[in-house]
Amino acid sequence: MAAHPRPLSPHLTVWRWGPGMAVSILHRITGGGLTVVGLAVLTWWLIAIAGGAETYATFSKAANHPLGLVVLIGLTWAFFQHLLSGIRHLVMDTGAAFELGTNKRFALLTIVGSVVLTAALWAYVLGDRA
Amino acid sequence: MSAGESSTPLAKVAGLGSAREGGEHWLTERATSIALLLLGVWLVASLLLLPALDQKTLVEWLRGASGAVPMALLIVVGFLHGLQGLKVVVDDYVHDEGNRFALNTLLLFLAVGGGSLALFALARIAFGAAA
């Protein structure tokens with residue numbers, strides 16, 4: 001009987017993508033990114049501050065490099081996305097917001113909210129500098 | 001939190017499901033997430049409100065209790081929450097028991113090591129060893 005592999009239940013590939021599914025996987029991706037990249041940058045930043053003005057200049061140079069800015073803007077977006085979808089999780093933990101329409105709107109709100117907050121924050125930071 | 005109809009009264013009180021463990025992980029993950037909501041907003045707001053982001057200004061900020069204490073909390077709670085989150089991902093996707101144990105142990109070491117490094121750097125700043 002071992003000739004035929006057991007049937008597997010359909011996974012990610014068969015479902016039509018919706019906001020709820022997207023936010024669910026985004027929560028994992030942004031959480032992973034914040035943990036691995038975000039905590040590494042935070043630790044490096046603190047070590048650089050502790051090391052004195054010259055050590056800090058190295059960090060500052062990397063942070064202001066175009067690639068550094070991409071990482072920082074990416075972390076900002078991941079922070080806001082994870083924060084907003086985290087709030088959504090806490091609300092859903094109480095048993096609320098499972099109705100189809102509400103659930104979908106709440107999911108969309110986290111995606112729009114994270115992009116708007118990231119854009120506003122960096123427009124302020126980069127506009128201030130210019 | 002409901003532990004389900006089939007659980008014993010003791011299990012309901014202890015918040016334990018059929019897996020016998022995990023309730024504490026789940027609850028701690030929620031508690032740390034609420035703490036990080038506050039600490040994360042504190043960090044972003046602080047960075048935006050500081051007059052400048054040069055080394056001297058940052059040292060002054062992290063020498064005061066209003067800077068150093070939330071930063072210490074952010075490090076401890078941040079590394080704990082990150083470890084708990086990555087454990088969920090490992091538990092979901094790594095099915096071999098040996099590999100799962102090895103990966104979770106590695107993550108534990110990295111989180112404790114990284115968190116200690118960050119705390120040590122903060123202590124150097126806060127207690128004045130930094131220039």
Side-chain angles (χ1 to χ4, degrees), chain A residues 11 24-25 27-60 63-64 72 75-76 78-95 117-118 120-125 128-129, chain B residues 1-2 26-27 29-30 32-34 36-38 40-41 43-45 47-48 53-63 71-72 74-75 78-89 92-93 107 110-111 113-131:
Chain A
H11 195 43
S24 173
I25 197 68
H27 194 69
R28 281 217 160 166
I29 294 169
T30 52
L34 286 168
T35 302
V36 177
V37 183
L39 290 177
V41 171
L42 177 74
T43 305
W44 180 24
W45 181 59
L46 289 170
I47 291 172
I49 298 171
E54 275 174 42
T55 317
Y56 191 72
T58 312
F59 174 87
S60 196
N64 283 293
L72 290 180
L75 281 175
T76 312
F79 168 74
F80 282 126
Q81 178 60 43
H82 198 81
L83 185 150
L84 292 175
S85 51
I87 292 173
R88 178 170 175 268
H89 271 290
L90 289 174
V91 170
M92 289 174 70
D93 283 341
T94 70
L117 285 169
T118 307
L121 191 149
W122 281 95
Y124 175 76
V125 172
D128 212 33
R129 188 192 292 184
Chain B
M1 185 183 64
S2 165
W26 193 91
L27 284 171
E29 204 179 23
R30 265 72 196 162
T32 51
S33 77
I34 295 166
L36 284 173
L37 185 68
L38 302 172
V41 171
L43 178 66
V44 171
L47 293 179
L48 288 176
L53 290 180
D54 58 288
Q55 195 257 354
K56 198 166 169 273
T57 313
L58 292 169
V59 168
E60 265 172 43
W61 170 53
L62 291 173
R63 264 188 188 162
M71 183 59 80
L74 177 68
I75 293 166
F79 272 92
L80 177 59
H81 185 81
L83 173 66
Q84 290 184 311
L86 288 188
K87 179 179 155 49
V88 174
V89 176
D92 273 359
Y93 300 133
L107 285 176
L110 285 174
S116 304
L117 194 61
L119 278 179
F120 176 68
L122 175 65
R124 277 189 70 189
I125 301 165
F127 301 131

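As the structure is a prediction and not an experimental result, all values here were calculated from the model. In what follows, chains are A, B, ... by sequence order, proteins preceding strands, each numbered from 1.
Note on ring orientation: taking the six-membered ring where Trp is involved, the planes of A/His82 and B/His81 are perpendicular (angle over 60°, cut-offs 30° and 60°).
Neither the backbone nor the side chain of B/Leu110 has a heavy atom closer than 4.5 Å to any heavy atom of chain A. A/Leu46 touches chain B through backbone and side chain together, each having a heavy atom under 4.5 Å away. With a 4.5 Å cut-off on non-hydrogen atoms, A/Leu34 does not touch chain B at all. In this structure, the portions of A/Ile47 lying under 4.5 Å from any heavy atom of chain B include both its backbone and its side chain. Only the side chain of A/Trp45 comes within less than 4.5 Å of a heavy atom in chain B; its backbone stays farther off. Looking at B/Val41, both its backbone and its side chain come within 4.5 Å of chain A, counting heavy atoms on both sides. B/Phe79 touches chain A through backbone and side chain together, each having a heavy atom under 4.5 Å away. Contact of B/Leu119 with chain A is not made at all, since no heavy-atom distance falls under 4.5 Å. Neither the backbone nor the side chain of A/Phe59 has a heavy atom closer than 4.5 Å to any heavy atom of chain B.
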Open item on the list: Apply side chain to side chain contact (heavy atoms under 4.5 Å, CB included) to residues B/Gln84 and A/Thr35 and explain how you reach the verdict.
Closed with: CA-CA 10 Å; B/Gln84 290 184 311; A/Thr35 302; over 6 Å; no
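When all heavy atoms are compared, the tightest approach of B/Arg30 to A/Asp93 is NE-OD2, 2.8 Å. Nearest heavy-atom pair across A/Ala50 and B/Ala121 is CB-O, 3.6 Å.
Ranked by heavy-atom pairs shorter than 4.5 Å toward chain A, the options B/Ala111, B/Gly114, B/Gly40 are led by B/Gly40. When B/Leu48, B/Leu74, B/Leu122, B/Asp54 are compared by the number of non-hydrogen pairs under 4.5 Å with chain A, B/Leu48 comes out ahead.
Here CD1 of A/Ile87 is found 5.0 Å from CG of B/Leu37. Values are rounded to the nearest 0.5 Å. Here the CZ atom belonging to A/Phe79 is positioned 8.5 Å from the CG atom belonging to B/Leu36, to the nearest 0.5 angstrom.
Judged by distance alone, with hydrogens and angles left aside, the side-chain atoms of B/Gln55 form a donor-acceptor pair with the main-chain N or O of A/Ile49 at under 3.5 Å.
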